[in-house]
Each structure stands twice: as structure tokens, then as C-alpha cells.
Number of protein chains: 2
Amino acid sequence: MKSNQERITIDGIDKEILRHLMEDARKPILEIGRKLGISGAAVHQRLRKLESSGLITGSKFVINPKVLGYSTMAFIGIYLDKAMRNPEAVKQLREIPEVLECHYTTGNWSILIKLLCRDNEHLMQLLNTQIQAIEGVSRTETFISLNQQIDRQIGL
Amino acid sequence: MKSNQERITIDGIDKEILRHLMEDARKPILEIGRKLGISGAAVHQRLRKLESSGLITGSKFVINPKVLGYSTMAFIGIYLDKAMRNPEAVKQLREIPEVLECHYTTGNWSILIKLLCRDNEHLMQLLNTQIQAIEGVSRTETFISLNQQIDRQIGL
DNA sequence: GAAAACTCCGAAAATACGTCGGCTTGTACA
DNA sequence: TGTACAAGCCGACGTATTTTCGGAGTTTTC
């Protein structure tokens, strides 16, 4: 996929197309065209333009982690004894599949991660045997998400 | 979409199908079938089983916020003067389109939100005019993500 | 005002989707 | 051992979608 990253102008029709596909990536292009009152070919051409502009980075199936037994989400702030250790720490965090996000942040911590685990016991085990074991990690602070009340992409 | 939520067994072929679609929701079923050495019909039947089991919750187009000028991600811990105020606060947070996630968490804060804004100035403006303005918010702590180094779904 | 650039449409070809009956395999049970 | 049942796959089929193409209308550029 090429991303020319050229300046692009997105009009209302583009937004409408994207709004449909952001909700359901498999919605037929023809159906979107019918809904907007333009031909399927036009929708297709606009999508190609949007893709080549780099605005669309891909599409994903979303799976429900609870069905897999993953129901505990947590955020962990990580203190590193030297900020320099960041690249190596991230490399090791990447090996932990439960780590979904990893941010290099301002503030007290060096790193903030979001992770998804089965239950509190699983979380504790990850902390003790995986995360605290990473070289350079001096301390962590854990925040368990009791309930995720909003989860969405940036709007158009 | 029905979700029987029945117990389900996911074998290696199911995982392989999901792995493909989690990366690219528009990948043709037939192509996946060819890659796995089974017919398109079989892939289709498996997908129907996975859908009705509730494992698949949908599909999304992923857009690149940077192309839209959104390049600053931040996490904000919010203190509420009374935890009771949570539902009303969340309702108001939902009205702020830059708020992508909102978690009711253990720990110091009542709420942890993730938000995406254009730049630091935009962030400051959101804090001052939108978030601090919510009734019940007594204090906030902001962590700016200088770099998101991991971003993924739970693995199979 | 001509040329270039956009954007759309309709049609056609290639491809994919979704369903069906039938085949094979494995299991349960008498 | 034999039968019945369920699960999973296949090929084929009709329908629907994708993708491409040329052409036409409109706007922008110079």
C-alpha cells in the first residue's frame, strides 16, 4: 500500500463513505453508493484516492476478548531506572501478547501500557513474572479498568 | 447479529482465518481458503459459526489520524469529588469527540480517559474549556504520549 | 477560451459471496 | 458388526460485488 501522504481534501461524500466503512468494513461499496445516490464506481474511485493518500491505513476484524476468556483490562505505569533503557524495555514488552498498547509518556512514568488479561490472578502473574522481570523496571503502578465506558475512533 | 454466546471450540484453522481477517477485514474469503487449502465454502461456514458464537463483534476501517491533523495522544486521570458523579461525567465526556476511551478505574483517579487532539494547544483548550468544566471534576493529571510504540489487538 | 484536471456514470469482465446437496469421516450405541 | 447421527468439507450454481474502462459533463488553470 502506497501512502503518498500528499495533501488531500476530504469532502462530505468521502466522510460519509468512511463513516459507513468505519462501522462495518465489509459493507458493500455498491450499497454505500446507493445510499449516497452515486454509482459504485464513484465510491470505488474515492476509496482508492483515500487509500493512496494514506488516510486509510487498513481494516480490521474486531473480536470479543471476553469470549476468549479475557475480561480484565488494566493500565500500568512503569518506572525505568534510566530512561535510556526504553528501547530495550519496549522490545521485551512486545513479546508479551497481553500488552496491547505501549506509550512513551511525559509525567512520572517512563512508559504507560494497556494490557488485557484473563483475571486478576493472570494480571498478578504477568506483573510478577513478566513485567517486573524486565531489566530496568524499578517500579510499577497498576490501574484496573472496572468498566470501559467509551471505546471509539476519532470522528469525522 | 445473533450472539448465542455458546461454548465454542476454535481450532487452528479458525485461528488462521481470524488472523487473516484481523489484519485485513476485506481480504476475500476465497483467497483465505486457497491459502489454507480448503474451499471458500468451508471458510464461509466457519465464519458463520464464529459470528454466531459472538467471538466476532464486527469490523472496522482504520484511519490515520495524523493525516487529519491529530497527532497528540494523551491520557488524563480525572478526580471526581464524588464517585457517584461518574455516570453524569461519562455522559458529558461522550460528547467530546476527542475522547476515544473512558475507563472507570481502581486507584487514585475515578476515571481514566484517552484522548486524541491536534497539538498541545488543542489539548490545553480541551482541558480548560471542556473537561475541567464538567461538574464534579476536581482535578486532572495529564500524560502525553510522546510515541505509541505498540498498538494491537489480543493475539490468537 | 482552450487545455488540463476532476468527478461522475454506465457497461462489461472478472471475481467473490452465499447456499445447496452430497460425500467422507468419526463417534455413539446397541 | 452394523446402523444412525453429527460434523466438516467439497463442487457447483445463481446472484451480487468488485474493478476497470471509455466517455461525458463540470470546474480549474493559465
Side-chain angles (χ1 to χ4, degrees), chain A residues 1-64 67-69 153 155-156, chain B residues 1-64 66-69 153 156:
Chain A
M1 188 171 300
K2 225 184 307 178
S3 69
N4 303 336
Q5 208 76 7
E6 64 201 21
R7 268 297 154 268
I8 192 171
T9 53
I10 300 164
D11 66 11
I13 296 178
D14 289 326
K15 285 187 187 177
E16 214 56 54
I17 294 170
L18 288 174
R19 260 196 280 267
H20 278 104
L21 290 173
M22 283 171 70
E23 277 182 18
D24 177 4
R26 289 187 85 91
K27 182 170 288 186
I29 287 176
L30 276 172
E31 189 183 323
I32 297 171
R34 281 192 291 266
K35 211 157 281 182
L36 300 183
I38 61 178
S39 73
V43 176
H44 185 256
Q45 287 163 348
R46 280 169 177 272
L47 273 175
R48 293 220 307 177
K49 184 192 65 179
L50 292 171
E51 268 177 29
S52 76
S53 78
L55 175 60
I56 298 174
T57 62
S59 59
K60 292 193 193 314
F61 253 58
V62 184
I63 66 173
N64 180 359
V67 176
L68 294 176
Q153 283 194 74
L156 295 176
Chain B
M1 189 171 302
K2 226 185 305 179
S3 69
N4 303 337
Q5 208 78 7
E6 65 202 20
R7 267 297 153 269
I8 193 171
T9 53
I10 301 165
D11 65 9
I13 295 179
D14 290 326
K15 285 187 187 177
E16 213 56 53
I17 294 171
L18 287 174
R19 261 195 280 267
H20 278 103
L21 289 172
M22 283 170 69
E23 279 183 15
D24 177 3
R26 288 189 84 92
K27 182 171 288 186
I29 289 176
L30 280 171
E31 188 182 324
I32 296 172
R34 282 192 292 267
K35 212 157 279 184
L36 300 183
I38 62 179
S39 73
V43 177
H44 186 257
Q45 287 161 353
R46 281 170 176 271
L47 272 175
R48 292 221 305 177
K49 186 192 64 178
L50 292 172
E51 266 177 31
S52 75
S53 78
L55 175 60
I56 297 174
T57 62
S59 59
K60 291 194 195 312
F61 253 58
V62 184
I63 66 172
N64 180 0
K66 287 185 184 171
V67 176
L68 295 175
Q153 281 194 77
L156 297 175

note: A:Ile32, atom CD1; D:dT19, atom P; distance rounded to Å ~ 12 Å

Here the pair of heavy atoms bringing B:Ile38 nearest to B:Ala42 is CD1-CB, 4.0 Å

Atom CD1 of B:Ile38 and atom P of D:dA7 are separated, to the nearest Å, by 18 Å

With a 4.5 Å limit on heavy-atom distance, are the side chains of B:Ile29 and B:Ile17 in contact? no

In the 5' to 3' direction, the nucleotides of DNA chain C bounding the stretch that comes under 4.0 Å of a heavy atom in chain A are C:dT7 to C:dC17

Check every strand shown and say whether B:Gly33 touches a base, only sugar-phosphate, or nothing at a heavy-atom separation below 4.0 Å. nothing

message: Using modelled atom types and a 3.5 Å cut-off, is there a donor and acceptor pairing between side-chain atoms of A:Ser59 and backbone atoms of B:Ala25?
response: yes

Taking five pairs at each terminus, the helix from C:dG1-D:dC30 to C:dA30-D:dT1 shows an axis bend, to 10°, of 40°

- Item | Side-chain touch B:Leu156/B:Met22, heavy atoms, less than 4.5 angstrom | yes

In whole angstroms, the gap separating P of D:dA7 from CD1 of B:Ile13 amounts to 17 Å

Taken to the nearest whole Å, CG/A:Leu47 to P/D:dT19 is 9 Å

Between NE2 of B:His44 and P of D:dT17 the distance, given in whole Å, is 13 Å

Is there a donor in the side chain of B:Thr57 and an acceptor in the side chain of A:Asn64, or the other way round, less than 3.5 Å apart?
no

*A:Asp11 side chain near A:Arg46 side chain, heavy-atom distance below 4.5 Å*: yes

By nearest-nucleotide position on DNA chain C, the 5'-leaning member of A:Gly37 and A:Arg26 is A:Gly37

Residues A:Gln153 and B:Ile63: closest non-hydrogen pair is OE1-N, 3.4 Å

B:Lys49 atom NZ is separated from D:dC9 atom C1', nearest whole Å, by 13 Å

Residues A:Lys27 and A:His20: closest non-hydrogen pair is NZ-CD2, 3.3 Å

Atom CD of A:Gln45 and atom P of D:dT18 are separated, to the nearest Å, by 14 Å

Of A:Arg48 and A:Glu31, the one whose nearest nucleotide on DNA chain D sits closer to the 5' end is A:Glu31

Between CG of B:Leu30 and P of D:dG11 the distance, given in whole Å, is 12 Å

TODO: Compare all side-chain heavy atoms of A:Val43 with those of A:Leu30 and state whether any distance is below 4.5 angstrom.
DONE: no

> Which part of the nucleic acid, if any, lies within reach of A:Ala42 when heavy atoms closer than 4.0 Å are counted: base, sugar-phosphate only, or nothing?
Replying inline: sugar-phosphate

